[in-house]
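All values derive from a computational prediction rather than experimental measurement. In the text below, chain A, chain B and the rest are named by the order of the sequence lines, each starting its count at 1.
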There are 2 protein chains.
Amino acid sequence: MYLELRHLRSLLAIRETGNLARAAERLHVTQSALSHQIKSLEQHFDVQLFLRNSKPLCLTPAGHRLIELAGQVLPLVAGAEHELQRVARGELGRLHIAIECHACFEWLAPVLSHYRQQWPQIEVDIRVGVSFEALPALRKGEVDLVISSDPVRCADLKFATLFRYEALLVMAADHALTRKRRIQPTDLVEQTLITYPVNRQRLDVFSRFLQPAGIEPAAVRQSELTSVILLLVTSGRGVAVLPDWVLREVAAANQFTTRPLGRRGMKGTLYAALRKTDFASVYVQDFVTLARQGGGQISF
Amino acid sequence: MYLELRHLRSLLAIRETGNLARAAERLHVTQSALSHQIKSLEQHFDVQLFLRNSKPLCLTPAGHRLIELAGQVLPLVAGAEHELQRVARGELGRLHIAIECHACFEWLAPVLSHYRQQWPQIEVDIRVGVSFEALPALRKGEVDLVISSDPVRCADLKFATLFRYEALLVMAADHALTRKRRIQPTDLVEQTLITYPVNRQRLDVFSRFLQPAGIEPAAVRQSELTSVILLLVTSGRGVAVLPDWVLREVAAANQFTTRPLGRRGMKGTLYAALRKTDFASVYVQDFVTLARQGGGQISF
DNA sequence: TAAAAACTATGAAAGAGATTCATTATGTAT
DNA sequence: ATACATAATGAATCTCTTTCATAGTTTTTA
């Protein structure tokens, strides 16, 4: 438990220069320092490392063994140091994104494909946060960025605003409710509501719209895929509540109609939650910028 | 140029215990020391290595990279340290032997085959010293032991006596000179002398017997192989001067006769020359012991 | 939810270890 | 043999590490 990289670097320098004095110069220490260092190393292992009565300095088998070790180890170390420097400079990194709402995938996917081109060195990944708590995972370093719609006060996290959105009721173009300009909770009493398969607490329709009014829709159906939900809607099997950006993407099809919920629409803000330590990173900042553009482009 | 093995060992301990305090305990330092150490490491590379707000402690990607490095490097280091300890204990080593006289091969070969069994971990090798200066090579660590018949005063070398020998004239059993009890230089005037193919300075017959008397044999033939020399001798093509141990080995054949050279025989002593630093080694000492037996067994 | 327990961070002081300076010793070349 | 180049040595200095004492966190427990 004594050998250090310093010793290996010295040994290598000595072998390459074949001479203590020049090795010392290269290592930016005095010849004396090197001599002391090697001596203490020899005392520690109780072996001679090279023979002094020769020019250039000649290694003993033990010395050779250490030089061999140096040859194996130092390049590995240099490689790792180099990578760490790149991490420090923000040229290399990881961006594991957790999304809490399925719908976010719709704007996130194109943003990410663009981002990947811009930052090929960054290891990007998405985890759809159903089975785990996203914010604790963020704090523990399991993920690096959480897309969330409700910011939480937390000492080591930072919430960066991405864009505002509005949740809209979606229905078939010929649906009865299209006659109404804005939808009230009671309007859904007779309806089949189609949602993503997650806990009701996490669905804004319930937590912000139906439950406050004490309303329960006639039926609830679930589907994981946005495209399937839309298909069910356009074929008249039910209505759904989706954020505007989703609808924007597929609006061209024009087979459904949307209406705002409540008097002034059910609006919200999307945030990127980050660890404060990561917040300054160029590559993280750049993701946020790109996300703002990608999501914000939508003018409904 | 700052990272040291100490840091890698710490990081590994931290990951394995998942906890600074216990890692510190394992490393036999205080928790404070570890905390300071990691902090300075993080400052040096300007990256965070793990996230503190989690239990167990969780590594950042940068931390992972260093742990990965530790996983590669530390086993290599441990291996080398282990080998050096064995070298120090004399369990592992190298014994490259240089012989200056061809004839030595005859007793050395069986000694070595015995030695190899006794010290399988020692890397044994023989170099027949024709093209290089044996003693300088010994001092420079190119070889580790020189078999020599003339000891030289030298501060860093030590000459261990192996055994005495006598050089004898060898001739066919029916050779004319068999009538003489002892051979004088003039006896060789008419003879064909068969020698090893080396410089005359290095052949005792010339340097110690013929040249002092100003005598030149009728002819000189050379052969590298002892067995060939003996073959030529027994078939009457000439005479040779060989050390007793060579003749001992093949005496059974009984097809030749030997006679001492000069009034009191041309005797000498064989030494093992060693670097003083190696002299104490068990495995070197043991070679010397074995060589004394191997060469000394001969009672002519 | 407060209190306790378990961990980690921090600053100052002490300690260990590395480096330098000045010099001596050793070996090499002229 | 002398000068030159190189390595070793000892004491002093300096740097870096570790410890101590304590404060600040987070997690667990009552």
Report the distance from atom [atom1] of [X] to atom [atom2] of [N], rounded to the nearest whole Å.
X: Glu4(A); N: dA16(C); atom1: CD; atom2: C1'; answer: 14 Å
X: Gln43(A); N: dA8(D); atom1: CD; atom2: P; answer: 12 Å
X: Leu20(B); N: dT18(D); atom1: CG; atom2: P; answer: 14 Å
X: Gln48(B); N: dA9(C); atom1: CD; atom2: C1'; answer: 13 Å
X: Leu41(A); N: dG17(C); atom1: CG; atom2: P; answer: 15 Å
X: Phe50(B); N: dC7(C); atom1: CZ; atom2: P; answer: 15 Å
X: Leu49(B); N: dT8(C); atom1: CG; atom2: C1'; answer: 15 Å
X: Ile14(A); N: dT6(D); atom1: CD1; atom2: P; answer: 14 Å

With respect to the phosphate group of [N], does any side-chain polar atom (N or O) of [X] fall under 4.0 Å of OP1 or OP2?
X: Lys39(B); N: dT10(C); result: yes
X: Gln37(A); N: dT19(C); result: yes
X: Arg22(B); N: dC7(C); result: yes
X: Asn19(A); N: dA5(D); result: no

Report task. Indicate yes or no: does Glu16(A) engage Arg26(A) in a salt bridge with an N to O separation below 4.0 Å. Result -> yes
**Report entry** Salt-bridge criterion met for Arg6(B) and Glu4(B) (N-O under 4.0 Å)
**Finding:** no
Shorter than 3.5 Å, N or O on both sides, protein versus nucleotides 20-22 of chain C: list them out with atom names.
from	atom 1	to	atom 2	distance (Å)
dT20(C)	OP2	Thr30(A)	N	2.6
dT20(C)	OP2	Thr30(A)	OG1	2.9
dT20(C)	O4	His36(A)	NE2	3.2
dC21(C)	N4	Ser32(A)	OG	2.5

**Report entry** Arg200(B) NZ/CZ over Phe206(B) ring centroid, <6.0 Å and within 45° of normal
**Finding:** yes
Query raised in the report: Are side-chain N/O atoms of Ser10(B) and Gln37(B) paired as donor and acceptor at under 3.5 Å?
Result: yes
Query raised in the report: Do Tyr165(B) and Thr269(B) meet the criterion of a side-chain donor-acceptor pair at a distance under 3.5 Å?
Result: no
Query raised in the report: According to the interplanar angle, ranging from 0 to 90°, do the rings of His102(B) and Tyr196(B) count as parallel (below 30°), tilted (30 to 60°) or perpendicular (above 60°)?
Result: parallel
Query - Residues in salt bridge (Lys or Arg N to Asp or Glu O under 4.0 Å) contact with Arg65(B), at least two apart in sequence or another chain - result: Glu83(A), Glu68(B)
